[in-house]
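See below for the structure under consideration.
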Amino acid sequence: MLVLEDVHTHYGKIEALHGVSVEVKKGEIVSLIGANGAGKTTLLMTVCGNPQATSGRVILQGRDITRDLTSNIMRSGIAIVPEGRRVFSGLTVEENLHMGGFFNTKSEIRKSQDHVYELFPRLKEREHQRAGTMSGGEQQMLAIGRALMSKPNMIILDEPSLGLAPLVIKQIFEIIGKLREEGITVFLVEQNAHQALNLADRGYVLETGRIRLHDTGKNLLANPDVQNAYLGG
Amino acid sequence: MAAHNLKHALFCAIVTLIISYPILGFNLASEGTTVTLEGAKTSTVVGVLLAAVIVFLFQLFRDTLMGSLRQLPAVNPLTNRKPMEQSKRLKLDSVLLTLMIIGALIWPFIASRGAVDLSTLVLIYIMLALGLNVVVGLAGLLDLGYVAFYAVGAYTFALLSQYYGVSFWFALPIGALLAALFGLVLGFPVLRLRGDYLAIVTLGFGEIIRILLNNMTNLTGGPNGIGGIPDPTLFGMEFGRRVKEEGNTSFHETFGIAYSGEHKVIFLYLIALVLAVITAIAIRRLMRMPVGRAWEALREDEIAAKSLGLNRTAVKLSAFTIGAFFAGFAGTVFASKQGFISPESFVFLESAIILAIVVLGGMGSQMGVILAAIAVTILPELAREFSEYRMLIFGAAMVLMMVWRPQGLLPMRRIHIELKKQE
């Protein structure tokens with residue numbers, strides 16, 4: 001579904017990714033874990049074409065998107081839940097969702113909206129509330145719901161557990177599991193390594209711009225190095 | 001705390017003295033060929049001292065004063081009012097709008113000529129403010145050179161009529177489209193800028209246009225401006241006493257009524273009214289369309305908007321272009337109303353006033369912007385005797401507004417779009 005081949009990304013003269021290769025297969029949940037500044041977000045942004053990779057290739061559903069415009073990439077069956085949620089705080093929940101389905105027809109929007117409300121009954125209750133007035137967990141649900149509105153084949157989540165209560169995190173991860181059952185491929189980037197790897201089919205460990213480890217989620221959880229570095233021993 | 005206040009108040013009073021005494025306390029008097037400096041009248045000096053005392057007292061009791069000022073919104077019935085039901089509000093909105101339009105239609109036949117003329121100006125400002133509202137209020141792009149597009153519209157008509165004898169009705173769409181084109185051209189380079197930087201570049205653009213108009217003497221007549229801009233005609237009927245152009249008839253002869261200079265004024269007013277209503281309706285529709293929501297989304301969070309596949313360039317350009325389009329509209333009407341235009345009419349102050357209207361009215365709110373446009377244009381006319389202090393009053397009004405209602409007269413309310421439930 002999504003393949004990164006030896007991707008190098010620069011911010012100006014500084015190289016942030018030193019040849020990263022990642023593959024996400026259809027129907028999988030793949031987790032990418034790593035410490036602060038390892039390049040997790042850079043990797044995601046490179047997939048979105050902002051900034052573009054300086055060398056290497058990014059292939060989405062068999063198509064080379066390395067040099068595509070961000071707006072075009074984001075319209076080709078992929079959706080991202082950005083770090084820090086970034087809901088439109090002045091718009092209502094419903095309007096936020098409609099923005100997610102911006103390029104779809106009205107009837108498609110209606111369908112996906114009902115579907116999102118099914119996944120997150122909480123959002124239905126808050127339909128006409130301004131997004132900025134909701135709690136962090138609700139906003140995260142909204143951000144995921146908004147990403148689902150475009151009916152993506154693949155969804156990328158950037159630190160969905162950031163700043164949320166443990167109970168809410170559990171809920172969010174349950175939803176991510178549900179997405180897989182619906183056939184949506186999930187690429188999950190997390191600092192919360194334990195939960196991310198527990199849920200994932202496969203995992204990658206990113207360290208200072210390089211992939212250090214790559215294995216199934218279970219094996220990575222059992223790996224002593226990973227345990228030491230990311231799971232608190 | 002008290003000692004601190006005293007010190008601060010003393011400091012403010014001294015600053016007041018330092019600023020005002022050298023300016024007001026001395027006069028330049030000419031004695032023959034030389035100029036001498038002499039002290040001002042005692043009353044002026046007393047006035048300056050009095051001002052310092054007032055500043056001192058105000059600063060001393062500022063906390064108590066401002067505290068009681070903040071209490072005032074509680075008296076203001078609007079603040080604690082519960083938001084109305086959406087359907088009820090929309091109904092009230094449309095009733096109010098209809099009443100306003102009916103009132104505006106009757107107005108020229110009961111008001112004096114001067115009042116109608118002023119109302120035309122108000123309508124022009126309404127058009128300008130509504131257009132700028134798209135750029136600043138909805139898309140969140142701070143444009144300080146908006147008057148440039150107004151100038152483009154006005155000069156398009158003036159030049160076309162001067163060189164090619166083009167009539168108002170032909171020039172109107174051309175002026176608006178040309179202004180929109182300028183908006184597009186300006187949009188491209190400035191799109192990567194944000195906030196303050198965007199403001200500076202647009203400010204520069206506004207000045208460039210004005211200076212160009214001033215210096216392209218061969219084409220625009222420079223500071224002398226362009227005169228003799230024709231009035232609009234009604235299906236080939238002119239409003240002057242005598243017909244200027246061959247093939248046209250005159251309005252009063254066709255209808256067999258006595259000639260009156262008022263006809264033209266009323267006609268211009270009605271044209272401005274129709275255009276203002278068209279502007280309001282067009283922008284209202286745009287706001288509810290996906291492009292309107294895209295503007296707001298981009299204003300709220302650029303990265304999130306991009307993550308949803310919105311093309312930032314296209315969205316921003318559309319806001320800029322549409323805003324400029326309506327400024328071109330207003331410019332054409334303005335040129336026709338004045339009959340004479342010069343770069344003087346398109347200075348930065350105009351941009352600032354239009355921006356002030358948008359901010360005072362409540363960013364993004366159409367009704368608020370219309371009310372503010374009326375207030376800002378008419379108040380200085382009513383306070384003619386204080387014309388010297390116009391800007392002072394204006395500034396004071398702005399400060400008071402920011403204290404009382406920082407969100408504007410009628411802040412924008414979100415329009416909900418409800419999809420029909422499937423049966």
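In this text, all values refer to a predicted model and were calculated from it rather than measured experimentally.
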Steps toward side-chain contact (heavy atoms from CB on, under 4.5 Å) verdict (B/Glu300, A/Ser89): CA-CA 7 Å; B/Glu300 295 268 327; A/Ser89 53; 3.4 Å; yes
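The two residues B/Leu310 and A/Met99 come nearest to each other via the heavy atoms CD1-CE, 3.6 Å. The minimum heavy-atom distance between B/Pro290 and A/Phe102, with the atom names listed, is O-CE1, 3.2 Å. In this structure, A/Phe88 and B/Ala297 approach most closely via the heavy-atom pair CE2-O, 3.2 Å. A pairwise comparison of heavy atoms in B/Lys306 and A/Met74 identifies O-CG, 3.5 Å as the closest pair.
When heavy atoms are compared at a cutoff of 4.5 Å, A/Asn96 does not approach chain B at all. The parts of B/Ala305 that come within reach of chain A are both its backbone and its side chain, each placing non-hydrogen atoms under 4.5 angstrom from that chain.
Rounded to the nearest 0.5 angstrom, A/Leu44 CG and B/Ser307 OG are separated by 11.5 Å. Atom CG of B/Leu308 sits about 12.0 Å away from atom CZ of A/Arg86, to the nearest 0.5 Å. Atom CG of B/Asp301 sits about 11.0 Å away from atom CG of A/Leu91, to the nearest 0.5 Å. The CG atom of A/Leu69 sits 11.0 Å away from the CZ atom of B/Arg312 when rounded to the nearest 0.5 Å.
At most 12 non-hydrogen atoms from other residues, nucleotides or ligands lie less than 6.0 angstrom from CD1 of A/Ile14. By the 6.0 Å contact criterion, CZ on A/Arg67 is enclosed, its count of non-hydrogen atoms from other residues, nucleotides or ligands being greater than 12. Heavy-atom neighbours of B/Phe182 CZ from other residues, nucleotides or ligands within 6.0 Å: at or below the threshold of 12.
At least one donor-acceptor pair under 3.5 Å links the side chain of A/Arg75 to the backbone N or O of B/Gly309.
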